[in-house]
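Hydrogens, waters and symmetry mates are skipped; everything else that's a heavy atom, side chains included, is used. Proteins get letters first, then strands, A, B, ... in listed order; numbering begins at 1 in each.
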2 protein chains.
Amino acid sequence: MKRPTIADIARRVGVSQGAVSYALNGRPGVSEATRVRVLKVAEELGWRPSVAARALTGASAGAVGLVLSRPPSVLGAEPFFMELFSGIETTLKPHSCALMLQMADDQDAEIEVYRRWWAEGRIDGAILVEVHVDDRRLPVLESLGMPAVVIGGLPGGAGSLPSVRSDESVPVHETVEYLAALGHRRFGRVAGLPHLVHTRVRDEAFAEACARLGLSDPVTLHTDYTGEEGARATRRLLSSSSRPTAIIYDNDIMAVAGLSVAQEMRLRVPDDLSLVAWDDSQLAQVVRPALTAVRRDVPALGAAAARHLLSLINGETLDDVETEPARLTPRGSTGALV
Amino acid sequence: MKRPTIADIARRVGVSQGAVSYALNGRPGVSEATRVRVLKVAEELGWRPSVAARALTGASAGAVGLVLSRPPSVLGAEPFFMELFSGIETTLKPHSCALMLQMADDQDAEIEVYRRWWAEGRIDGAILVEVHVDDRRLPVLESLGMPAVVIGGLPGGAGSLPSVRSDESVPVHETVEYLAALGHRRFGRVAGLPHLVHTRVRDEAFAEACARLGLSDPVTLHTDYTGEEGARATRRLLSSSSRPTAIIYDNDIMAVAGLSVAQEMRLRVPDDLSLVAWDDSQLAQVVRPALTAVRRDVPALGAAAARHLLSLINGETLDDVETEPARLTPRGSTGALV
DNA sequence: CTGAAAGCGCTTACAG
DNA sequence: CTGAAAGCGCTTACAG
């Protein structure tokens, strides 16, 4: 019942522990014949390396960390994170690298978790999500010297930490131009948390796209990403004297909430009002009308980040990676003004 | 820049490593004065225990594992899992215990991950979710002797592994009786995967509740939990000659999809058709009409499982824990037949 | 190509 | 109450 160790294998094969280690790790220093026998016995015994022992000899922890600081209700409503995990893990798995997950209350708590994980030798690196405008995590991770990749953010915006990102201004422009082509002139935007970099990027792209079309006063309202605040923001937009005819949301759940508000206010979607969701989960597709959405491949984003992190842990120095921009996927919630 | 070790502290304080270890771990064997000095120096140096070294000396891995085997798209649409993680972690955190997460393709792959994690000394125990009717994981984990708690399942159904569960038949009866009181006589149920124990339990409770009310042929259709299959099942139910006037769903996204189907088919909710969702996320509340839902405290469930697992790891022997049953939360999607 | 030994950072009997 | 030492399971120079 006791776990077999390298010593058990050595005894059984009749060689030294060192030889077994070399054989197991595919390193030179043992004859082919010995290697084969060692591997065979290891297999028979059901031997697995002790991660603790390996970590202690300086190899690696065999795990990377990810800390999230948003309330669970918001995380739950956002398919984004689960899809991201899935992409990350699919990539990590063949390298026998695990994902450590933790939720924190705020950025300081998050920093504390990274510090502890790193000091305890628990992780080899980290993936950061949801970059803030003045992100306190970045300088700390840099000073720790811990390999880390940032998902999102601005090009070069993460200091020495490489980022995996896509240009979010592209789909914003695409969406605004598409809606303008349908005859819309008054736009509203129900955005996420204002201190997040990607919110800022979308905000600016939105303002710029509207300005370029000569549209005067596009309104952006910020929320905490919950359906509740999405509904409230939508109500405010639709109650204004210059009510928008098209609203762009920063996630799916707020867009669904917005759709309900439009129904309450007896506005027809898309005849009176066009709605665009962001991220495009199942959610956008099960409501009626189905929601036009800005779609991106979230698992692929996670996979790219994980690959990047593995390279970084291997000592390579890396630049930012630019992934394909999200693209507008039109469905029934957008249409020409009637 | 190098991590301080126990030897550094010993040198600085002028005592032996052993004494430092005792002091740091709050064990007898050092004077109060020494203990205080050791702690102070450890603090100054920013010392943290190496999990690898601790794990190697047989202490513990300081982590528990959770493996999920469902496609990412389904996981993403299901707020359940994120909320569960959140409850688990909040409980684990004060014990400096981390959560290792992995996704697997099927139960065999899942078993392989548990085996590996356990053999590698990576985890101290595991939390199992989504118990199958003949769950292959259970006997394996028992034979490994790994502490594990099962979320859901039948009382005593996990063999020697303790489970944390609530009686899911209670809310099913509550829901059916409530709908019957509103005048409904023909029920439909859009269920999840048929090989999951909780699906089975709800199926049976549903049949029994209907039988008890003398209702003849309640129909249950099984799905993969996606909105798409939820919509299809709803269409089938509503196209039958004896169309149900009330449908109970096994999650939120399918109920939302069902609501859209009802609209497509020009059925008024709740005048012509009542709908009940399960789990009650934001999603149920942002659509119109808001969905009546069977609500349970998912983070609390996760927290209970984590507490239970920590006790188990500490060597206690435990029984199953029964948590409060989910309860029906009426909203606008259910009403008296008109 | 192989063996013997030191070392990673901690814990824990065992002497003093 | 404290010190010296062995040991956890592995890796890695260093001799042979």
### Task
Kindly say if B:Thr5 contacts the phosphate of C:dC8, meaning a side-chain N or O under 4.0 Å from OP1 or OP2.
no
### Query
Do the side-chain N or O atoms of A:Arg27 get closer than 4.0 angstrom to the phosphate oxygens (OP1, OP2) of D:dT12?
yes
Minimum-distance nucleotide (side-chain atoms of [X] versus [options]):
{"X": "B:Asn25", "options": "C:dT11, D:dT2, D:dT11", "value": "C:dT11"}
{"X": "A:Leu56", "options": "C:dT12, C:dC8, D:dT2", "value": "C:dC8"}
{"X": "A:Ser16", "options": "C:dA4, D:dG9, D:dA4", "value": "C:dA4"}

### Query
With a non-hydrogen cut-off below 4.0 angstrom, is A:Arg35 in contact with a base, only sugar-phosphate, or nothing?
nothing
### Query
What residue pairs, at least two apart or across chains, pass ring pair (Phe, Tyr, Trp, His ring centres under 6.0 Å) with a residue in residues 296-317 of chain B?
none
### Message
By the salt bridge (charged side-chain N to carboxylate O under 4.0 Å, His left out) test, which pairs, at least two apart or in different chains, include something from residues 4-22 of chain B?
### Response
B:Asp8-B:Arg11, B:Arg12-B:Glu44
### Query
Who passes salt bridge (charged side-chain N to carboxylate O under 4.0 Å, His left out) against A:Asp106, sequence neighbours left out?
none
### Task
Could you list the residues that satisfy salt bridge (charged side-chain N to carboxylate O under 4.0 Å, His left out) with B:Asp320, not counting sequence neighbours?
none
[atom1] of [X] versus [atom2] of [N]: gap in Å, rounded?
{"X": "B:Ile6", "N": "C:dT11", "atom1": "CD1", "atom2": "C1'", "answer": "8 Å"}
{"X": "A:Ile9", "N": "D:dT11", "atom1": "CD1", "atom2": "P", "answer": "10 Å"}
{"X": "B:Leu24", "N": "C:dT11", "atom1": "CG", "atom2": "C1'", "answer": "12 Å"}
{"X": "B:Glu120", "N": "D:dC10", "atom1": "CD", "atom2": "C1'", "answer": "13 Å"}

Qualifying residues under side chain to side chain donor-acceptor pair (under 3.5 Å), relative to [X], sequence neighbours excluded:
{"X": "A:Arg48", "result": "B:Glu112"}
{"X": "B:Glu83", "result": "none"}
{"X": "B:Ser69", "result": "B:Glu110"}

#### Entry: Dot-bracket encoding of pairs in DNA chain D, which uses [ ] for pseudoknotted crossings and | for another strand, Watson-Crick or G-U under 3.5 angstrom
|||.||||||||.|||
### Message
If you assign each of B:Gln17 and A:Gly14 to its closest nucleotide in DNA chain C, which residue comes earlier from the 5' end?
### Response
A:Gly14
### Message
Within residues 44-55 of chain A, which residues have any heavy atom lying less than 4.0 Å from an atom of DNA chain C?
### Response
none
### Criterion salt bridge (Lys or Arg N to Asp or Glu O under 4.0 Å) against B:Asp108, the qualifying member of B:Arg136, B:Arg137, B:Arg115
B:Arg136
### Partners meeting side chain to side chain contact (heavy atoms under 4.5 Å, CB included) with A:Val36 (sequence neighbours left out)
A:Glu32
Check residues 119-127 of chain B and write down every donor-acceptor pair under 3.5 Å in which the side-chain atom is one partner and the other belongs to a residue at least two apart or another chain.
{"from": "B:Glu120", "atom 1": "OE1", "to": "B:Arg122", "atom 2": "NE", "distance (Å)": "2.9"}
{"from": "B:Arg122", "atom 1": "NH1", "to": "A:Gly62", "atom 2": "O", "distance (Å)": "2.9"}
{"from": "B:Arg122", "atom 1": "NH2", "to": "A:Gly62", "atom 2": "O", "distance (Å)": "3.2"}
{"from": "B:Arg122", "atom 1": "NH2", "to": "A:Ser96", "atom 2": "O", "distance (Å)": "3.2"}
{"from": "B:Asp124", "atom 1": "OD1", "to": "B:Ala61", "atom 2": "N", "distance (Å)": "2.6"}
{"from": "B:Asp124", "atom 1": "OD2", "to": "B:Ala61", "atom 2": "N", "distance (Å)": "3.2"}
{"from": "B:Asp124", "atom 1": "OD2", "to": "B:Gly62", "atom 2": "N", "distance (Å)": "2.8"}
{"from": "B:Asp124", "atom 1": "OD2", "to": "B:Ala63", "atom 2": "N", "distance (Å)": "3.4"}

### Query
On DNA chain D, nearest-nucleotide positions of B:Glu32 versus B:Thr57: which is more 5'?
B:Glu32
Might you list the N or O atoms of the protein lying below 3.5 Å from N or O atoms in nucleotides 14-16 of chain C, with each pair's distance?
none

### Query
Where the side chain of A:Arg37 meets the backbone of A:Val13, is there a donor-acceptor pair that is under 3.5 Å apart?
yes
#### Entry: Salt-bridge present (B:Glu324, B:Arg296; N to O < 4.0 Å)
no
